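For reference, the structure discussed in these notes is given below.
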Amino acid sequence: PDVPVNFDTASYQAMIEKSLISMGNNRRLKLALDRAALGKEVIVAYIGGSITQGAGAKPIHTQCYAYRSFQNFCKLAGKRTDENIKFIKGGVGGTPSQFGMIRYERDILRDNKIKPDVVIVEFAVNDYDDQTRGDCYESLVCKLLNSEYKPAVILLFSVFADDSNLQERLILVGEHYQLPMVSITDAVLEQFYKTTQQGIIISKRQY
């Protein structure tokens, strides 16, 4: 069985710090946090593939990265998860950003009844077969940024078990639009391999 992670250790915090690629222009995010702290309704939404859906998490809803980061958002605002901050998860396994543009309307906006304040975008794994070479991904980002409700957009770069993803391609989108970016790759890549002093790989774990 896996040993429970001690989130309070210096080594864990150092690993988490590696995940931040860029703070970007986080004005919208700060505004959302301020509104949440004042008790106003704030909606935090997630759009992505099976990783956003919660594949491998047990139970899938409360242990997925999306819900756990939502819990931390609430904590930063000084609120409980059952108060004024709402959670929407639009993760569907096997879907790239090409479908994400359509699913965003259906799964997040829900016939324009929902206006999210923060949107986390996760397609760095599922876009591998994207024949548009990132055009659909950028179009989705532009759609979010230019929407009337002006949500904060955060790019999350997940990773395959073989260490690969599209981070190098998609990071250009984040840099162009000055978005906050978080890399699971940068945080956990060193944890994929456990080595001896001779540098021999003795185990590999999937994240």
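Computed from a predicted structure; not experimentally measured.
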How are the rings of [X] and [Y] set to each other: parallel, tilted or perpendicular (split at 30° and 60°)?
| X | Y | value |
| --- | --- | --- |
| F160 | Y128 | tilted |
| Y46 | Y65 | perpendicular |
| Y67 | F87 | perpendicular |

- Message: Under 4.5 Å between side-chain heavy atoms, counting indirect links through other Ile/Leu/Val/Met/Phe/Trp/Tyr residues: same cluster for M23 and V153 or not?
- Response: no
Is a side-chain donor or acceptor of [X] paired with a backbone partner of [Y] at a separation under 3.5 angstrom?
| X | Y | answer |
| --- | --- | --- |
| E122 | T52 | yes |
| R103 | Q98 | no |
| E138 | V173 | no |
| K40 | A37 | no |
| R35 | V42 | no |
| D127 | S97 | yes |
| D117 | I43 | yes |
| Q167 | L156 | no |

With a 6.0 Å cut-off (strictly less than), is the heavy-atom count around [atom1] of [X], excluding the residue itself, greater than 12?
| X | atom1 | value |
| --- | --- | --- |
| K75 | NZ | no |
| K115 | NZ | no |
| F99 | CZ | no |

### Task
Determine the minimum heavy-atom distance between V119 and P151, stating which atoms define it.
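Between these two residues, the closest heavy atoms are CG2-CB, 4.1 Å.
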Fill in: Charged N-O contact under 4.0 Å between D111 and K113
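No.
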